[in-house]
Visitor: 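Got a structure for you, written out below as structure tokens; questions coming shortly.
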2 protein chains.
Amino acid sequence: MKTIGKLAKALDLSVETIRFYERENLIKQPQKPLSGYRLYDDSIANQLQFICRAKALGFTLKEIASLMSMDGNCSKVESLGLQKLKIIQSKISDLKRLEKVIKEMTNSCKTNDDQSHCPIIASLK
Amino acid sequence: MKTIGKLAKALDLSVETIRFYERENLIKQPQKPLSGYRLYDDSIANQLQFICRAKALGFTLKEIASLMSMDGNCSKVESLGLQKLKIIQSKISDLKRLEKVIKEMTNSCKTNDDQSHCPIIASLK
DNA sequence: ATAAACTCCGTACATGGGTACGGGGTCAAT
DNA sequence: ATTGACCCCGTACCCATGTACGGAGTTTAT
């Protein structure tokens, strides 16, 4: 059983963040003995790790709450995953288009003699 | 000369957004005659269009303010562009990695018989 | 001349994901 | 027994980029 500070350190989160997740109902408040100090067992630590991993995959906290409540319903989870996949793929193609435009712009700077007239600025005007 | 509402319509921005950009010093407050109403000539309209285009390329408002003040210094603009390019490219590779992971996860759902045990949830645990 | 539509200003609210603060109580080490 | 480290709670604040509101003045159309 760990106090909130120990748990935070173990998971590389801040104490405030754990309290924040509790406020947002991502995790439950654990048992609190006389002292009033939260005491965590492994089950909440595991949930927090789940949250961190899902966050790293780009799920929002709301979606993570969803995911956790969908435990035991694989097709729901799958459809949330597929939805996320679509968003990710469309972001990728947006960014690739952008990459192309900005590349072209910076290239045109390279072949530009007149320092006081920038082709990037010009093309935005 | 256009009032703020006409200008907003012409640029497909909201009146509030134009006032916001003014507060943020992206554009100057135009002349205001007796009535107190802002009256815009083309120069500010052009600046707003510049802002919109730069925003579409993924520049933040702060960067756009920078860009506008860099007019006439091509190498500075170029380096801001290259910096943005790097950020975009690293976002793309992050997202591609994510895409891969989520694809694998959702695929494993497809070949999963047990609806009540989701491999996505399992892999996050 | 009256009503509708527009503008003014300042301020508060929204989103997402936290971070920081302040005044207290508690626990662990010396 | 004292000191320092830890924890409690509620609240306010941060970032970026706007959006919304409300009461008052102005312009425009009928």
Side-chain angles (χ1 to χ4, degrees), chain A residues 1-41 44-45 47-68 84 87-88 91, chain B residues 1-41 44-45 47-68 80 84 87-88 91 94:
Chain A
M1 301 289 266
K2 285 174 179 150
T3 61
I4 195 167
K6 298 273 161 63
L7 183 63
K9 195 158 278 179
L11 296 171
D12 201 25
L13 290 173
S14 86
V15 167
E16 306 294 340
T17 300
I18 295 176
R19 285 192 352 100
F20 173 70
Y21 289 165
E22 186 183 298
R23 280 203 297 285
E24 298 291 307
N25 295 314
L26 284 156
I27 53 174
K28 284 196 196 118
Q29 198 172 62
Q31 302 291 4
K32 290 197 278 183
L34 309 165
S35 71
Y37 284 18
R38 289 165 180 82
L39 275 184
Y40 294 92
D41 59 16
I44 293 187
Q47 283 174 39
L48 281 168
Q49 208 152 62
F50 180 99
I51 293 168
C52 293
R53 289 183 182 147
K55 241 168 64 67
L57 291 180
F59 290 93
T60 65
L61 296 185
K62 256 182 201 151
E63 289 167 337
I64 293 170
S66 248
L67 278 177
M68 300 205 297
K84 207 73 206 172
I87 292 171
I88 288 170
K91 270 189 193 164
Chain B
M1 301 289 265
K2 286 174 177 149
T3 59
I4 196 168
K6 298 272 163 64
L7 183 63
K9 195 158 276 181
L11 295 171
D12 200 25
L13 290 173
S14 85
V15 168
E16 306 294 340
T17 300
I18 295 176
R19 285 190 356 98
F20 172 71
Y21 288 165
E22 186 183 297
R23 279 203 299 286
E24 299 291 308
N25 295 312
L26 283 157
I27 55 174
K28 284 196 198 118
Q29 197 173 61
Q31 301 292 4
K32 289 198 277 184
L34 310 166
S35 71
Y37 284 17
R38 290 165 179 82
L39 276 183
Y40 293 92
D41 59 15
I44 293 187
Q47 282 173 41
L48 281 168
Q49 206 152 64
F50 180 99
I51 293 168
C52 293
R53 290 182 180 149
K55 240 167 63 66
L57 291 180
F59 290 94
T60 66
L61 296 184
K62 257 185 200 147
E63 288 166 339
I64 293 170
S66 243
L67 277 177
M68 300 205 296
L80 194 53
K84 208 73 207 171
I87 292 171
I88 289 169
K91 272 189 192 162
D94 284 355

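Letters go in sequence order (proteins before strands), and every chain restarts at 1.
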Visitor: Treat primed atoms plus P, OP1 and OP2 as sugar-phosphate and everything else as base, then score nucleotides 19-30 of chain D 5' to 3': B for base contact with protein heavy atoms under 4.0 Å, S for sugar-phosphate contact only, - for none.
Guide: BBB---BBS---
Visitor: Say whether, by atom type as modelled, one donor and one acceptor occur between the side chain of A:K32 and the main chain of A:L39 under 3.5 angstrom.
Guide: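 No: the side chain of A:K32 does not pair with the backbone of A:L39.
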Visitor: Quick one: B:I18 CD1 to C:dT7 C1', roughly how many Å, whole number?
Guide: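 Taking CD1 of B:I18 and C1' of C:dT7, I get 12 Å after rounding.
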Visitor: What nucleic acid atoms does A:Q29 come within less than 4.0 Å of, heavy atoms only: base, sugar-phosphate, or nothing?
Guide: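 If one applies the 4.0 Å heavy-atom cut-off, A:Q29 turns out to touch the sugar-phosphate alone, with no base involved.
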Visitor: For the pair B:E22 and B:R38, find out whether any cationic side-chain nitrogen is under 4.0 Å from an anionic carboxylate oxygen.
Guide: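 A salt bridge is present here (some side-chain N lies under 4.0 Å from a carboxylate O).
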Visitor: Does A:Q29 CD have over 12 foreign heavy atoms under 6.0 Å away?
Guide: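 Yes, enclosed.
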Visitor: Starting from C1' on C:dC9, measure out to CD1 on B:I4 and report it in whole angstrom.
Guide: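 It is 12 Å, rounded to the nearest whole Å.
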Visitor: Looking across every strand, which nucleic acid part, if any, lies under 4.0 Å from A:K9 by heavy atom: base, sugar-phosphate, or nothing?
Guide: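 The answer is nothing, as A:K9 stays clear of every strand by at least 4.0 Å.
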Visitor: So, is B:Y21 near the phosphate of D:dG18, with a side-chain N or O under 4.0 Å from OP1 or OP2?
Guide: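 Affirmative; the distance criterion is met.
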Visitor: Distance-only, no hydrogens or angles: does the A:K84 side chain make a donor-acceptor pair with backbone N or O of A:G58 under 3.5 Å?
Guide: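 Judged by distance alone, yes, a pair lies under 3.5 Å.
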Visitor: Given atom NZ of B:K62 and atom P of D:dG18, what is their separation to the nearest angstrom?
Guide: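 Rounding to the nearest Å, NZ of B:K62 and P of D:dG18 are 14 Å apart.
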Visitor: Is the shortest side-chain N/O distance from B:K2 to OP1 or OP2 of C:dC6 below 4.0 Å?
Guide: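 No.
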Visitor: In whole Å, I'd like the distance from the CG atom of A:L61 to the P atom of C:dT19.
Guide: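 The distance from CG of A:L61 to P of C:dT19 comes to 11 Å, rounded to the nearest Å.
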Visitor: Could you give the CD-to-P distance, from B:E22 to D:dG18, as a whole number of Å?
Guide: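 Taking atom P of D:dG18 as the reference, CD of B:E22 is at 15 Å.
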Visitor: Take atom CG of A:L26 and atom C1' of C:dG17, then tell me their distance rounded to the nearest Å.
Guide: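 Whole-Å distance recorded here is 11 Å.
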Visitor: Check every atom of D:dC7, D:dG18, C:dG18 against the side chain of A:K55 and return the nucleotide holding the closest atom.
Guide: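 For the A:K55 side chain, the nearest candidate turns out to be C:dG18.
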Visitor: Does OP1 or OP2 of C:dC8 have a side-chain N or O of B:R38 closer than 4.0 Å?
Guide: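 The answer is yes; a side-chain N or O of B:R38 sits under 4.0 Å from OP1 or OP2.
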Visitor: Atom CD1 of B:I27 and atom P of D:dG18: how far apart are they, to the nearest Å?
Guide: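 It is 12 Å, rounded to the nearest whole Å.
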Visitor: Report yes if at least one side-chain N or O of A:K32 is closer than 4.0 Å to OP1 or OP2 of D:dC9; otherwise report no.
Guide: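 Yes, A:K32 has a side-chain N/O under 4.0 Å of OP1/OP2 on D:dC9.
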Visitor: Find the distance A:I64:CD1 to C:dG18:C1' and express it as a whole number of Å.
Guide: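 Between C1' of C:dG18 and CD1 of A:I64: 13 Å.
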